Each structure stands twice: as C-alpha cells, then as structure tokens.
2 protein chains.
Amino acid sequence: MGAAADPPQTPGKTPGTTPDGSAPGGRPGRMRADALRNRRLILDAARDVFIEAGPDAPLDEIARRAGVGIATLYRRFPDRDALIRGVVMHTFTVLSDTVQAVREEAADPFDALRRFMHVALDEKIGAAMPALVGRVVFDDELDNARRGLGSPIEELLRDAQAAGLVRPDVAFGDITLMVIRLCRPLPAVAKLLVDDRLAHRQLDIYLDGLRSDGTPARHSLPPPLVTLADFDRIRAELHAAHEDENGSAPG
Amino acid sequence: MGAAADPPQTPGKTPGTTPDGSAPGGRPGRMRADALRNRRLILDAARDVFIEAGPDAPLDEIARRAGVGIATLYRRFPDRDALIRGVVMHTFTVLSDTVQAVREEAADPFDALRRFMHVALDEKIGAAMPALVGRVVFDDELDNARRGLGSPIEELLRDAQAAGLVRPDVAFGDITLMVIRLCRPLPAVAKLLVDDRLAHRQLDIYLDGLRSDGTPARHSLPPPLVTLADFDRIRAELHAAHEDENGSAPG
DNA sequence: AGTTAGTGGAGAGAATCTCTCCGCTTCTGC
DNA sequence: GCAGAAGCGGAGAGATTCTCTCCACTAACT
C-alpha cells in the first residue's frame with residue numbers, strides 16, 4: 001500500500017484543481033465529505049452494473065443502484081467515458097496495491113498468486129477489462145496504471161513458475177482472463193445459488209489445475225497462449241485505429 | 001444418436017401439426033426446406049446473441065445476424081418467449097444426444113466427462129441457462145427435456161468419481177456452471193485474442209483441477225456445493241412464484 | 001407452370017435513454 | 001448557530017431504440 005493515487009483528497013491546499021473548479025475526468029479535487037462519499041458509491045455501482053450489463057449499460061440504472069440522483073452522477077462524471085475511466089482507474093489502483101501486499105503476506109509464490117486472484121475476483125477486475133480495450137481513450141495516466149498492474153501480475157506468475165509451483169505452459173491470459181470470467185455474475189440462477197462464493201470455489205479448482213505437482217508434464221495445453229505482450233499489442237492496434245478514425249490527419 | 005426430437009420433420013404424414021397450421025411454440029410441423037433452414041439460422045443466431053447480450057437482447061439484432069428479415073423471425077416465433085423456448089429445447093436436445101455419444105466413444109469415465117464439457121462449450125449450453133430459470137414458463141415438454149439432460153450429466157460425474165478419476169468433493173454445479181461461464185464471450189478483448197480456443201484451453205486447465213490424481217485430499221473446497229437437486233429446488237420455487245403472480249388465485 | 005407458403009423491409013407506435021434545469025437540502029467556516 | 005455556497009434529487013424534453021404488423025414480391029413443392 002501507500003502509493004495509492006485514487007482519491008488524493010489533499011486536505012490542505014488543492015493544487016491540482018482546475019481554475020474553473022470542474023474537476024476534470026471525474027477526479028476529486030477538494031470536495032465536500034458527502035460529495036466524496038457519493039462519488040465512491042457511484043463508482044462501486046458503476047463497476048457492478050458495467051460487469052453485469054456491459055459498458056453501454058444505462059446510466060440511470062447506475063445512479064439508482066448507487067442510491068443517488070441521476071443529476072449527481074452527471075455532475076461528477078460529465079459523460080459515460082469519464083465514468084468508465086473512473087472505474088478503471090480505481091480498479092487498477094486497488095489491484096496494484098494488492099500485488100504489493102500479497103507478495104509480503106504470502107507463504108510462497110504460488111500462495112501469492114492464489115491470493116491475488118481471489119482479491120482480484122472480489123475487486124471485480126473484470127470491470128476494468130471491457131473498458132481496457134476499445135472503449136476508453138487511453139491517456140498517459142491510464143496507460144501507466146495499466147502497465148503498472150500488468151507487469152507485476154506477470155512477474156507474480158513467473159515467480160511461481162520459477163519455483164516449480166505452477167505449470168510452465170500457462171501464461172498471463174490464463175490468469176487474468178479466467179478471473180474476468182469468474183467475475184461476471186451467472187445469469188439468473190446465480191443470484192439464487194449464492195454466486196460470489198461459487199466463483200471462489202471454482203477458482204480454487206482452477207488453481208489446482210494451474211499447479212504443477214510432482215507430475216512432470218501431464219498433457220499439453222492447446223493454444224492460444226496469451227501473454228501480456230499480446231494485450232499490449234492489441235491495445236496499440238486499437239489505439240492506432242482510433243487515431244486514424246478521428247485523430248491526427250484531418251482530411 | 002437416434003432419440004433426437006428436435007426437428008421431427010416427418011417426411012410423410014404430419015400428425016403433430018395443429019389444424020390451423022400455426023406451428024405452436026415455434027416447432028416445425030412440416031415446413032418448406034428454406035423455411036426449415038431459416039428456422040435453424042434464427043435459432044443459432046438467437047443462441048449467440050442471448051449469450052452475448054442476455055435474454056432481453058433486441059430481436060432485430062438476432063434477425064440481422066441470422067441473415068433473415070425481422071418478419072421471418074416473428075412469423076416463426078410469435079414472441080420472445082417462444083424464441084427462447086426454441087433455443088433451450090434445441091440445446092437440451094443436442095446435449096442429451098451428446099451424453100449418450102460420449103459414453104460410447106470415451107476411453108474412461110473421466111474422458112467421457114471431459115469430452116462432454118468440451119462439446120457443451122461448443123454448443124453454448126450457456127444459452128439454455130438464462131432461460132432455464134426465471135425467464136420461460138416450463139411446460140411438461142421443456143421440463144422433461146431439462147430433467148433428461150440434468151440426470152445423465154450428474155451420472156457422468158458420479159461415474160468418474162466412482163472410478164477415482166475425479167475428486168469426490170465436486171458436484172453438478174462445478175461442472176455445468178463452469179461451462180456456462182466459459183461459454184460467454186469475453187468483453188471486447190475476446191474477439192481480438194481468439195476467444196473460442198481460449199475457452200477450451202481454460203477448460204483443460206480446469207479439468208486438471210477436477211482430476212484426482214494420486215494425492216488423496218489436496219485441500220478442501222469452500223462451499224457452496226451445488227447439486228442438481230439444488231437446481232430442481234430453485235426451479236420449483238420460481239415456478240411457484242410464477243403461479244402465485246399470475247396464475248391460480250385471482251385476487 | 002401454377003399455387004401457395006415463405007420472404008424482406010418500411011414504418012407506426014411504444015418504450016427507453018440521455019442530459020439539463022431548478023428549487024430544496026446539507027455541509028463548512030466562522 | 002448562521003450565512004453562504006456546494007451539493008442534491010427528480011421531472012421532463014428530445015433523441016434514440018425496440019417491437020411488431022402489413023404488403024408486395026420470390027422461390028419452393030406438385
């Protein structure tokens with residue numbers, strides 16, 4: 001912990017606030033206590049709703065679930081992209097801190113990976129994903145946060161593999177994309193069969209599959225082996241496409 | 001196969017057709033070849049769209065993806081429920097046949113389970129789920145189909161456990177609900193990182209977690225242990241609720 | 001080749017969603 | 001406490017999307 005950058009909330013001066021006081025990008029400059037609390041409620045609700053209904057989910061629903069008026073949501077986040085960006089930043093921040101914490105607390109590299117995945121599941125890292133690619137324009141801040149989360153995760157995995165605790169033929173995508181799958185609520189049935197705990201249970205089973213116990217090779221996994229570099233590549237391609245579309249070269 | 005009941009298409013007499021020729025519930029009585037083909041295209045498209053966007057997905061989109069006019073969809077399935085019901089029936093039927101086939105082809109009970117899960121993934125069993133509970137009114141036909149699929153699956157699992165090939169503390173829900181999770185396309189990223197193959201890959205990892213190799217207990221799984229009986233119970237409760245709501249006792 | 005089941009698409013009406021405006025409430029500094 | 005300002009909720013206009021029908025045309029069976 002410690003390096004969290006989410007709600008700066010400098011309680012003395014407020015150097016970062018824009019002169020017009022508009023708090024760009026939904027970031028809290030210096031806000032009243034209730035406003036700050038509502039901002040958090042909105043982010044939490046948005047995270048849940050985006051996961052359930054996708055990034056095009058109605059904003060009304062988010063406000064309703066957060067227990068605030070729709071005007072409050074629009075005041076804090078001027079448009080949908082600002083809100084998505086807020087959710088993504090928050091998720092990235094929390095999980096970056098988690099990687100750090102998990103390394104210190106864990107008994108061994110496998111345990112670290114295991115703990116991280118469980119926390120990521122609770123924090124619904126999935127919410128970051130849909131936005132991660134293709135939805136939100138990545139400025140430097142967001143891109144740094146992304147990179148700052150991806151690399152440590154890959155490192156976590158590599159350490160566990162180096163220690164011989166995780167099978168060597170799995171990769172970044174096998175970790176993250178499974179947690180994202182587990183994040184999503186099961187349709188309908190889910191709510192009646194206690195969803196959250198089931199996801200953790202299934203994660204435990206999956207973790208056993210990741211493990212390399214004594215047996216040397218078991219059997220080989222089919223492609224694709226998805227690495228962090230693959231994500232970076234995709235991100236870059238999308239970014240380029242976006243630039244093309246409405247960016248640099250004006251007719 | 002052989003016991004398939006999906007498109008009867010008796011090429012001689014057509015005893016099941018309703019006198020008014022309306023083909024109730026979207027079932028094909030005796031149709032022209034192109035109509036039958038379109039019906040199938042619609043079902044496939046509907047399955048995909050329901051999985052991606054949930055059971056409230058716009059019907060326009062389904063028609064578009066099936067490559068037919070919207071009128072064609074409405075002619076075949078008078079309303080949304082009829083369409084959902086059609087998708088569910090089709091999925092149940094295909095998978096019931098699969099259980100049978102898999103038993104015969106498989107090398108051992110674990111292999112049978114493994115094969116079944118992969119086919120279920122390809123057939124997008126997930127499409128059946130959202131409807132399974134809470135969306136569609138279950139008549140006897142649908143309920144029989146459901147039961148006719150659930151029991152064989154549970155049996156498949158029990159056999160593999162009896163043979164000592166699958167850890168004894170997993171249950172029905174650990175099989176089916178994971179396949180359902182894997183069915184759903186990952187948001188955004190997915191399409192760019194070859195989704196379908198990744199799901200099969202992750203399923204293989206999960207299967208390794210289900211396996212009980214030499215080690216006697218590994219570690220215990222957290223609750224909930226979800227059985228087929230749990231599904232039945234939920235289904236019954238929802239059915240009762242539905243009856244209450246607009247059924248027998250008119251205020 | 002004639003008959004008829006089947007087809008696509010435009011469009012009316014309904015439902016939903018976005019986003020702003022304005023009067024009221026709650027915090028904060030004194 | 002009190003004044004002032006920051007924040008709040010919700011109604012509602014306008015735009016968008018979705019449902020479902022009608023009708024002129026096409027292609028499959030006999």
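Every chain is numbered from 1, with letters handed out A, B, ... down the list of sequences. Bear in mind the structure is a predicted one, so any value in this text is a computation, not a measurement.
- To the nearest angstrom, C1' of C:dT7 lies 8 Å from CG of B:Asp34.
- Both B:Ala57 and A:Gly67 lie close to DNA chain D; mapped to their nearest nucleotides by heavy-atom distance, the more 5′-ward contact belongs to A:Gly67.
- For the pair B:Thr72 and C:dG8, the criterion of a side-chain N or O lying under 4.0 Å from OP1 or OP2 is met.
- Residue A:Arg32 contributes atom CZ, which lies 11 Å from atom C1' of D:dG4 at whole-angstrom precision.
- Rounding to whole angstrom units, CZ of residue B:Arg64 and C1' of D:dC18 are separated by 14 Å.
- Considering only side-chain atoms of A:Ala71, the nucleotide from D:dC18, C:dG6, C:dC21 that sits closest is C:dC21.
- Rounded to whole Å, the distance from CG on B:Leu73 to P on C:dT7 is 11 Å.
- Between A:Arg37 atom CZ and C:dC27 atom P the separation is 7 Å, expressed in whole Å.
- Between B:Asp79 and B:Leu83 the shortest side-chain heavy-atom distance does not fall below 4.5 Å.
- In this pair, A:His118 and A:His200 present their aromatic rings parallel. The plane angle is below 30°, not in the 30 to 60° band.
- Residue contacts shown for A:Leu59 are limited to sugar-phosphate atoms, with no base heavy atom under 4.0 Å away.
- Across B:Pro224 and A:Leu198, no two heavy atoms sit closer than the pair CD-N, 3.6 Å.
- Between the side chains of A:Asp44 and A:His90, not a single donor N or O lies within less than 3.5 Å of an accepting N or O.
- Nucleotide C:dA5 holds its C1' atom 9 Å from the CZ atom of B:Arg75, rounded to whole Å.
- Between the OH atom of B:Tyr74 and the P atom of D:dT21 there is a distance of 8 Å, rounded to whole Å.
- Going from atom CG of B:Asp81 over to atom C1' of D:dC20 covers 15 Å, rounded to whole Å.
- Among the nucleotides D:dC29, C:dT18, D:dC18, the one closest to any side-chain atom of B:Ala33 is D:dC29.
- Within 4.0 Å (heavy atoms only), A:Asn38 reaches sugar-phosphate atoms of the nucleic acid but no base atom.
- Using a 4.5 Å heavy-atom cutoff, the side chains of A:Thr91 and A:Val88 are not in contact.
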